[in-house]
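Following: one structure in structure tokens, then a few remarks.
Here the structure is a predicted model, which means the values were calculated and not measured. Residue indices begin at 1 and follow the sequence shown.
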Amino acid sequence: MRNMLVVIDRIELKYFEFNQLVTNFWMVKGLLENGIETYITTIDNLSLKDGKGHAKCFKTYEKDNDIFYENNAEDFCIEDKFEKVFFRPDPPVDNDYISATYIFDFVDRAKTQIINDTTAIRSFNEKLHANLFREFMPENIVTASKDDIEEFLNLHKEIILKPLNNCFGQGVMYLKEGDKNTLSIIKTLTHDGKSLAMIQKYLPQAQNGDKRVLILNGEVLDECGLKLPTKDDFKFNTHSDEFLKKAVLTDSEKEKFTQVAQGLKKLGIQMAGLDVVDEKIIEINVTSPCYFIKEINARFDTHLEKKMNAFMLEKSCVKVCK
């Protein structure tokens, strides 16, 4: 039986224990419960040797309904050891992140499937490339130009400014026409005109929150969460039950976003989370999208992790142990 590798974030390795808020931990736990030998690694433990991708890995195990890993790391040639790799370290997509994706260019895809495909992740900016599906997006531009941003602001009166490579809403700002901080905000977001940023038309429905639409292997899941703005921000910025509610997808949303899901799958992206306001996509999370499994399970009386486990093990010579 071949083994499975999950590339997690450094902070998740440091505090490796089953945490119901962390999607990666649900994945690892599910694999172990299905009898699959599962290893974990981080991007700084990847390497290239003799022209092949390698990983210094830690074998995981389950005990008393918790997950642990053995401290003695082992170095493996990825394509010789693992049938599937789940590449899910958190952004930002910085130089270290990009370098890690290069390692997987030297892994034989005929032997090892990588989800999400690292070449696809490297080629897909979560803000900018949402424009591949621009018919489902609010009006937006990507620019470093102060003049372009001011013109867009004058046209739409209220806008959202986003740095391209941050995560968890870091650096995202709201700007209204006439704000005395306009120039300062634009300079800050673009590093005084040196860095590209996404500028979106503000959608008033955002005050009621944005939906997290979950995509798995080309399909839109029926389960959906509504992320509410916090009391001190215009957006969701904390993982708390207080600010995450049950949401229902409309027939229109299901139809639209199924097209997106299938388009992403063709690109090599099978796990994604769409952030949606007023049936419009404001961002497509592809690096390590949170599936809010704990909250979804509670609000829909379901076991979302079972759907994920089935996906992880399908079309694979890995056999579930009985």
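- In this structure, the ring of Y39 has its center no less than 6.0 angstrom from the ring center of F58.
- The aromatic ring centroids of F16 and F68 lie 6.0 Å or more from each other.
- In this structure, a donor-acceptor pair under 3.5 Å is present between the side chains of N125 and N165.
- Inter-residue side-chain proximity for Y174 and K176 is flagged as met; some heavy-atom pair is nearer than 4.5 Å.
- Side-chain rings of W26 and F18 approach one another, their centers coming within less than 6.0 Å.
- A side chain to side chain donor-acceptor pair (under 3.5 Å) check over residues 65-74, counting only residues at least two apart or in different chains, returns the pairs K29-N65.
- Taking the six-membered ring for Trp and the full ring otherwise, the centers of F87 and Y97 sit less than 6.0 Å from each other.
- Looking at heavy atoms from C-beta onward, I98 lies in side-chain contact with V93 at the 4.5 angstrom threshold.
- Taking 4.5 Å as the limit, some side-chain heavy atom of I293 sits within range of a side-chain heavy atom of N297.
- When side chains are defined from C-beta on, V276 does not count as touching F136, because their heavy atoms never get closer than 4.5 Å.
- Contact check for Y102 versus R122: side-chain heavy atoms found under the 4.5 Å cut-off.
- Defined by atom type and a distance below 3.5 Å, a donor-acceptor pair is missing between the side-chain atoms of T112 and E83.
- The only option from K227, K211, K280 that meets the side-chain hydrogen bond (donor to acceptor under 3.5 Å, both in side chains) definition with D275 turns out to be K227.
- The neighbour count for N154 CG, taken as heavy atoms of other residues, nucleotides or ligands under 6.0 Å away, is above 12.
- Looking only at atom types and distance, the side chain of D179 has no donor-acceptor partner in the side chain of T182 under 3.5 Å away.
- E279 and T250 share a side-chain donor-acceptor pair at under 3.5 Å.
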